[in-house]
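Heads up, the thing below is written out as structure tokens.
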2 protein chains.
Amino acid sequence: MKTETRQQEIIRVAAKLFKEKGYSAVTMRDLAKAMGIKAASLYNHINSKQDILNTIIISLAEEFTEGMKQISTSNDTCIEKLKKIIQLHVNISSKNSYGMASLNNDWMHLETQRTYYKKLRSDYENDFKTILEDGIKAGEIVNAKPDVMMFSILTTLRSLYIWIPKKEDLSLEELTNTLSQILIKGINK
Amino acid sequence: MKTETRQQEIIRVAAKLFKEKGYSAVTMRDLAKAMGIKAASLYNHINSKQDILNTIIISLAEEFTEGMKQISTSNDTCIEKLKKIIQLHVNISSKNSYGMASLNNDWMHLETQRTYYKKLRSDYENDFKTILEDGIKAGEIVNAKPDVMMFSILTTLRSLYIWIPKKEDLSLEELTNTLSQILIKGINK
DNA sequence: CGAGTAAACTAACACTTGTTAGTTTGTTTG
DNA sequence: CAAACAAACTAACAAGTGTTAGTTTACTCG
């Protein structure tokens with residue numbers, strides 16, 4: 001049993017507040033109050049507000065990068081790869097829905113790490129698009145604009161963090177399956 | 001030829017800044033600088049920062065409400081209605097991509113109007129879900145969870161504001177058609 | 001017991017925030 | 001020309017911002 005350090009606890013609570021109001025609207029005094037201490041005491045555990053955001057976002061972004069690397073280099077079919085991408089998003093979003101809010105909405109408030117973040121995101125999207133293009137060539141996927149397909153799928157996956165916490169009755173496996181069906185086969189009968 | 005009032009100009013520029021950094025991170029001095037005047041001068045034209053946000057969000061939300069009312073009370077088939085919803089989102093998002101950012105990301109910073117906004121949104125989603133449920137009953141739509149279907153489609157549509165300005169080569173009609181195809185028939189071949 | 005340490009505290013800082021009051025400028029209109 | 005007005009300005013405010021310095025508290029362990 002791994003116990004959470006005080007620092008990790010602060011970052012976790014910060015992510016929760018960031019999700020509710022956004023990075024800029026959360027003050028260090030808000031965060032301190034949520035922790036039950038004074039603002040100055042936070043600095044025994046963390047370096048700066050910006051550092052908290054860095055930690056939240058970059059660790060998540062790297063988790064996606066790593067997942068995508070495994071998927072894109074596998075020997076699966078394109079459709080199989082897509083299902084694994086969906087699974088990756090469902091897993092990470094359910095484990096850390098608070099952090100996902102910062103990743104999606106507050107990356108522009110990164111300072112030193114913004115360029116690095118944007119590179120990770122751009123690499124991820126390129127890998128995604130390549131999978132779709134390969135699927136079109138292989139005849140697995142309908143020949144529509146890969147840009148639009150990726151946009152459609154990815155924005156749905158990126159919004160899972162809002163949706164998953166509201167639907168705790170739905171198992172993650174069930175959600176992954178339903179989503180795969182809808183995103184791949186559509187809703188048409 | 002209708003000329004823009006100074007007030008409308010301020011609101012338009014504010015929406016642009018809000019899209020880039022979020023409501024909380026944009027200061028009245030930022031806004032003034034973008035307008036080429038001093039912060040105090042803004043108050044000759046607007047009442048408060050909060051008022052700007054109200055105007056941006058509520059006018060858009062009401063535009064969606066009105067569009068949905070027309071669609072949901074029509075005699076179209078469910079699939080036809082869905083296509084019209086997609087068209088509604090494409091149209092509004094292309095006309096006002098800046099405002100859509102505030103609608104999506106900064107509604108929680110509304111003060112007096114937050115409850116009203118949430119009612120509009122909730123009504124909209126209920127109408128949307130009813131259309132899907134009717135489609136399932138009528139056998140037009142696959143029998144999957146309407147919640148998940150709506151979530152998937154609606155999050156894609158809600159993110160159009162990010163995507164449309166980047167792809168000016170794509171005509172709105174073409175985008176509407178491609179999106180309809182992908183969202184309804186899926187990407188599977 | 002005494003030393004070390006984790007984690008809280010108070011007080012203060014320099015700066016930024018939204019906003020108000022009162023004034024000046026330049027253009028339009030009777 | 002004189003009056004009216006739109007729209008800018010300077011100066012200032014009270015409150016809130018992230019952060020630092022230095023101190024106190026309470027628990028752990030040799």
Side-chain angles (χ1 to χ4, degrees), chain A residues 1-58 102 105-114, chain B residues 1-58 98 101-102 105-114:
Chain A
M1 125 172 182
K2 56 176 173 184
T3 50
E4 196 181 37
T5 68
R6 197 74 170 132
Q7 184 184 73
Q8 290 168 330
E9 194 184 350
I10 290 174
I11 291 172
R12 179 173 52 78
V13 172
K16 182 170 183 174
L17 297 184
F18 290 168
K19 179 180 178 185
E20 287 162 12
K21 313 200 324 181
Y23 174 75
S24 303
V26 175
T27 70
M28 295 304 274
R29 284 164 181 85
D30 290 337
L31 177 52
K33 190 169 242 176
M35 291 293 297
I37 59 179
K38 299 287 171 178
S41 307
L42 293 169
Y43 290 84
N44 286 319
H45 309 283
I46 51 102
N47 293 321
S48 66
K49 189 188 178 188
Q50 175 69 201
D51 227 50
I52 296 176
L53 188 67
N54 278 338
T55 305
I56 293 172
I57 293 184
I58 297 300
S102 299
N105 305 323
D106 283 319
W107 60 267
M108 71 284 276
H109 298 120
L110 289 174
E111 289 161 15
T112 59
Q113 308 268 50
R114 188 168 62 241
Chain B
M1 127 172 181
K2 55 175 174 184
T3 49
E4 196 182 37
T5 68
R6 198 74 170 130
Q7 184 185 73
Q8 290 168 331
E9 194 184 349
I10 290 174
I11 292 171
R12 179 173 52 79
V13 172
K16 182 171 184 175
L17 297 184
F18 291 169
K19 180 181 178 186
E20 286 162 13
K21 314 198 325 182
Y23 175 75
S24 303
V26 175
T27 70
M28 295 304 273
R29 284 162 181 85
D30 290 338
L31 177 53
K33 189 169 245 176
M35 291 293 297
I37 59 177
K38 300 286 171 176
S41 307
L42 293 169
Y43 290 84
N44 286 319
H45 309 282
I46 53 102
N47 292 322
S48 65
K49 188 188 181 190
Q50 174 69 200
D51 226 49
I52 296 176
L53 189 67
N54 277 339
T55 305
I56 293 172
I57 293 185
I58 298 299
Y98 298 139
S102 298
N105 305 323
D106 284 319
W107 60 267
M108 71 285 277
H109 298 119
L110 288 174
E111 289 161 15
T112 59
Q113 308 267 49
R114 188 166 62 242

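Only this structure's heavy atoms are used, side chains among them; waters, hydrogens and symmetry mates stay out. Protein chains get the first letters and strands the later ones, always in sequence-line order, with residue 1 at the start of each.
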Note to self: According to side-chain contact (heavy atoms from CB on, under 4.5 Å), who are the partners of A101(B), at least two apart in sequence or on a separate chain?
What the structure shows: K19(B), N105(B), Y161(B)
Check: Can you check whether H45(B) has a side-chain N or O nearer than 4.0 Å to OP1 or OP2 of dA7(D)?
Finding: yes
Checklist line | Any residue meeting salt bridge (charged side-chain N to carboxylate O under 4.0 Å, His left out) with R6(A), in chain and number order, not counting sequence neighbours | finding: E9(A)
Notebook entry, point to check: If only atom types and distance count, is the side chain of E111(B) paired as donor or acceptor with the main-chain N or O of Q50(B) below 3.5 Å?
Noted result: no
Next item on the list: Please list all pairs passing the ring-ring contact (aromatic ring centres under 6.0 Å, His included) test where one or both residues lie in residues 24-51 of chain B, with sequence neighbours left out.
Entry: none
Check: Can you name the nearest heavy-atom pair linking A25(B) to S24(A), along with the distance?
Finding: CB-OG, 3.3 Å
Note to self: Distance check needed: dA7(D) P versus M35(B) CE, whole Å only.
What the structure shows: 10 Å
Margin query: What is the separation between atom CG on L31(A) and atom C1' on dT17(D), rounded to the nearest whole Å?
Written below: 14 Å
Notebook entry, point to check: Got a sec? Which of residues 10-20 of chain A come in under 4.0 Å of DNA chain C, heavy atoms?
Noted result: none
Margin query: Can you give me the closest heavy-atom contact between S41(A) and I37(A), atom names plus distance?
Written below: CB-CD1, 3.8 Å
Margin query: For the helix from dC1(C)-dG30(D) to dG30(C)-dC1(D), what angle separates the axis at the start from the axis at the finish, each from five pairs, in steps of 10°?
Written below: 10°
Item checked: salt bridge (charged side-chain N to carboxylate O under 4.0 Å, His left out) pairs, two or more places apart, involving residues 22-32 of chain A -> K21(A)-D30(A)
Check: Starting at CD of Q50(A) and ending at P of dG18(D), how long is that distance when rounded to a whole Å?
Finding: 12 Å
Notebook entry, point to check: Where along residues 21-30 of chain A does a heavy atom come under 4.0 Å from DNA chain C, residue by residue in number order?
Noted result: R29(A)
Margin query: Give me the atom names and distance for the closest heavy-atom approach of V13(B) to A34(B).
Written below: CG1-CB, 3.7 Å
Check: Does a side-chain N or O from K49(A) land closer than 4.0 Å to OP1 or OP2 of dG18(D), or not?
Finding: yes
Next item on the list: Using the ring-ring contact (aromatic ring centres under 6.0 Å, His included) rule, collect all pairs that involve residues 10-30 of chain B, keeping only residues at least two apart or in two chains.
Entry: F18(B)-Y23(B), Y23(B)-H109(B)
Check: Partners of E20(B) by side-chain contact (heavy atoms from CB on, under 4.5 Å), sequence neighbours excluded?
Finding: K16(B), L17(B)
Note to self: Please identify the 5'-most and 3'-most nucleotides of DNA chain C with any atom under 4.0 angstrom from a heavy atom of chain A.
What the structure shows: dA7(C) to dA12(C)
Next item on the list: Using side chain to side chain contact (heavy atoms under 4.5 Å, CB included) as the criterion, point out the one residue from T55(A), L110(A), L53(A) that pairs with S102(A).
Entry: L53(A)
Next item on the list: Would you give the length of the straight line joining atom NZ of K49(B) to atom CD1 of I52(B), rounded to the nearest 0.5 angstrom?
Entry: 8.5 Å
Check: About how many Å separate CD1 of I10(A) and OG1 of T5(A), when rounded to the nearest 0.5 Å?
Finding: 8.5 Å
Check: How many angstroms lie between atom CE of M35(A) and atom CG of L42(A), to the nearest 0.5 angstrom?
Finding: 7.0 Å
Margin query: Generate the contact string for nucleotides 23-29 of chain D. Rules: B means base contact, S means sugar-phosphate contact only, - means no protein heavy atom under 4.0 Å.
Written below: -------
Checklist line | Partner residues of D51(B) under the side-chain contact (heavy atoms from CB on, under 4.5 Å) criterion, sequence neighbours left out | finding: N47(B), S48(B), N54(B)
